[in-house]
S.K.: 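The structure follows.
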Protein chains: 2
Amino acid sequence: MFSKACEYGIRAMIYIAQRSRQGERVGLKDIAQGIDSPEAFMAKIMQALSRQGLVQSVKGPHGGFYMDTQASKITLAQVVRAIDGDHLFTGCGLGLTECNEKKPCPIHDEFKLIRNKIRSLLETTQVGEFNELLEKGVLHLKRI
Amino acid sequence: MFSKACEYGIRAMIYIAQRSRQGERVGLKDIAQGIDSPEAFMAKIMQALSRQGLVQSVKGPHGGFYMDTQASKITLAQVVRAIDGDHLFTGCGLGLTECNEKKPCPIHDEFKLIRNKIRSLLETTQVGEFNELLEKGVLHLKRI
DNA sequence: AATAAAAAAGACAAAAATATCCTTTATTCA
DNA sequence: TGAATAAAGGATATTTTTGTCTTTTTTATT
């Protein structure tokens with residue numbers, strides 16, 4: 001469904017949202033360990049998210065990544081688009097480059113419904129909305 | 001969503017179902033051209049589908065692939081499982097290896113709903129059910 | 001029996017995704 | 001100012017996916 005990069009990216013954004021209230025910073029090492037992802041690969045993903053303004057970063061001692069308050073309203077859809085593009089929301093389920101009402105693939109309509117559900121879920125879910133449940137240990141972000 | 005191999009595989013199965021009523025055979029070249037897929041790669045995919053019994057094949061002159069009547073009831077889910085495995089139906093949306101009710105990822109419940117919709121769609125759709133609409137030119141299987 | 005047709009199988013190639021390593025730049029602190 | 005810290009960037013490595021090419025096997029036809 002998502003690429004590995006995107007899975008890591010989503011988990012990282014949720015993790016940072018929870019760990020960086022009031023502008024505290026979360027280091028790369030902390031993130032990688034916190035969501036159980038390969039550190040160097042995570043670095044590349046964070047660079048991309050940072051370049052696209054989905055997360056802020058500060059270099060140097062006590063540096064790291066953080067989000068300001070309104071950034072915790074960033075949706076999972078924004079994260080997915082930033083990393084995987086919007087193919088998931090728009091592409092044909094069977095890989096046709098030109099699949100539409102005029103020239104549909106066999107599962108065009110049904111897949112449109114499902115894609116819309118996915119998009120709707122991702123667009124209505126914010127990276128910051130899991131903070132409390134994560135803190136309580138009800139939700140998890142580590143691979144195992 | 002699906003791998004390229006799986007997209008080609010689904011389209012090929014639908015194509016063969018339509019082209020091979022009463023046991024006529026459809027050649028590899030015909031399939032590759034009919035769904036606009038790379039022929040040699042298609043060959044590999046057909047080999048896999050054939051090994052797993054989702055399609056029959058005959059070598060030699062006038063050989064090719066075909067399905068008997070009940071095979072056109074094969075579901076898209078069977079094809080997906082044969083090529084991509086059942087990760088799509090069972091895996092965690094955020095890539096956690098151990099994601100369940102006891103230890104859920106943040107979007108566990110919502111993704112379960114979506115996965116179930118996908119599974120349900122694929123399990124209730126048969127490769128042979130598009131024959132008429134394909135013949136009428138209402139539905140399409142070619143990339144462009 | 002010889003030839004041709006067509007899938008099966010095996011080896012290889014290219015591209016993309018995933019992952020690592022090393023150097024550079026910015027920042028803080030002593 | 002100098003040393004340490006941490007992200008940014010660049011180069012490279014590995015793995016997986018996608019794709020191609022060649023040989024082998026099976027079958028039909030002449």
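Chain A is the first sequence line, chain B the second, and so forth, proteins listed ahead of strands; every chain is numbered from 1. Note that this is a predicted model, so its numbers are computed, not measured.
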S.K.: Return the value, rounded to whole Å, for the distance between atom CD1 of I83(B) and atom P of dT18(D).
M.R.: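 Result: 10 Å.
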S.K.: Nearest heavy-atom pair of C105(A) and C99(A): which atoms, and what distance?
M.R.: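 In this case the closest contact between C105(A) and C99(A) is N-SG, 3.3 Å.
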S.K.: Write down the protein N/O and nucleotide N/O pairs, taken from nucleotides 9-13 of chain D, whose separation is under 3.5 Å; answer none if there are no such pairs.
M.R.:
residue, atom, partner, partner atom, Å
dG9(D), OP2, R51(A), NH1, 3.1
dG9(D), N7, K44(A), NZ, 3.4
dG9(D), N7, Q47(A), NE2, 3.1
dG10(D), N7, K44(A), NZ, 2.8
dG10(D), O6, K44(A), NZ, 2.7

S.K.: Select from A5(A) and A43(B) the residue whose nearest nucleotide in DNA chain C is closer to the 5' end of that strand.
M.R.: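 Looking at DNA chain C, the more 5' nearest nucleotide goes with A43(B).
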S.K.: Starting at atom CG of D30(B), determine the distance to atom P of dA5(C), rounded to an integer number of angstrom.
M.R.: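 In whole Å, dA5(C) P lies 16 Å from D30(B) CG.
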S.K.: To the nearest Å, how far apart are Q52(B) CD and dA8(C) P?
M.R.: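 My rounded result for the distance is 13 Å.
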S.K.: Return the minimal non-hydrogen interatomic distance between N131(A) and Q18(A), and the atom names on each side.
M.R.: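 Shortest heavy-atom contact: OD1-CA, 3.3 Å.
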S.K.: Polar pairs (N or O, both sides) under 3.5 Å between protein and nucleotides 28-30 of chain D?
M.R.:
none

S.K.: If you check every side-chain atom of L28(B), which of dT18(D), dA7(C), dA8(D) has the closest atom?
M.R.: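 Looking only at heavy atoms from C-beta outward on L28(B), the closest nucleotide is dA7(C).
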S.K.: Taking the six-membered ring for Trp, are F111(B) and F2(A) parallel (under 30°), tilted (30 to 60°) or perpendicular (over 60°)?
M.R.: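 The rings of F111(B) and F2(A) sit tilted, inter-plane angle from 30° to 60°.
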S.K.: Can you name the nearest heavy-atom pair linking H140(B) to L134(B), along with the distance?
M.R.: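 Looking at all heavy atoms of both residues, the shortest contact is N-CD2, 4.3 Å.
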S.K.: If I take atom CD in residue E39(B) and atom C1' in nucleotide dA5(C), what distance separates them, rounded to the nearest angstrom?
M.R.: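 Going from CD in E39(B) over to C1' in dA5(C) covers 13 Å.
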S.K.: To the nearest Å, how far apart are E7(B) CD and dT17(D) C1'?
M.R.: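 Rounded to whole Å, this separation is 13 Å.
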S.K.: Measure the distance from CZ on F41(B) to P on dA16(C) and round it to the nearest whole Å.
M.R.: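 In whole Å, dA16(C) P and F41(B) CZ are 14 Å from each other.
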S.K.: Rounded to the nearest 0.5 Å, what's the gap from NZ on K4(A) to SG on C6(A)? Could you check?
M.R.: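 Taking NZ in K4(A) and SG in C6(A), the distance rounds to 11.5 Å.
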S.K.: At less than 4.0 Å, is any side-chain N or O atom of S50(B) found next to OP1 or OP2 of dA7(C)? Yes or no.
M.R.: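 For dA7(C), OP1/OP2 do not have a side-chain N/O of S50(B) under 4.0 Å.
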S.K.: Got a sec, which residues hit ring pair (Phe, Tyr, Trp, His ring centres under 6.0 Å) with F89(A), two or more places apart in sequence or on another chain?
M.R.: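 With sequence neighbours excluded, F89(A) shows a ring pair (Phe, Tyr, Trp, His ring centres under 6.0 Å) to no residue whatsoever.
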S.K.: Does dT18(D) have OP1 or OP2 under 4.0 Å away from a side-chain N or O of Y8(B)?
M.R.: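 No, because none of the side-chain N or O atoms of Y8(B) sits under 4.0 Å from OP1 or OP2 of dT18(D).
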S.K.: For S57(A) and dA6(D), is the shortest distance between a side-chain N/O and OP1 or OP2 below 4.0 Å?
M.R.: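 Indeed not, no polar side-chain atom of S57(A) lies that close.
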S.K.: Please state how far atom CE in M46(B) lies from atom P in dT18(D), giving the value in whole angstrom units.
M.R.: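 Taking atom P of dT18(D) as the reference, CE of M46(B) is at 17 Å.
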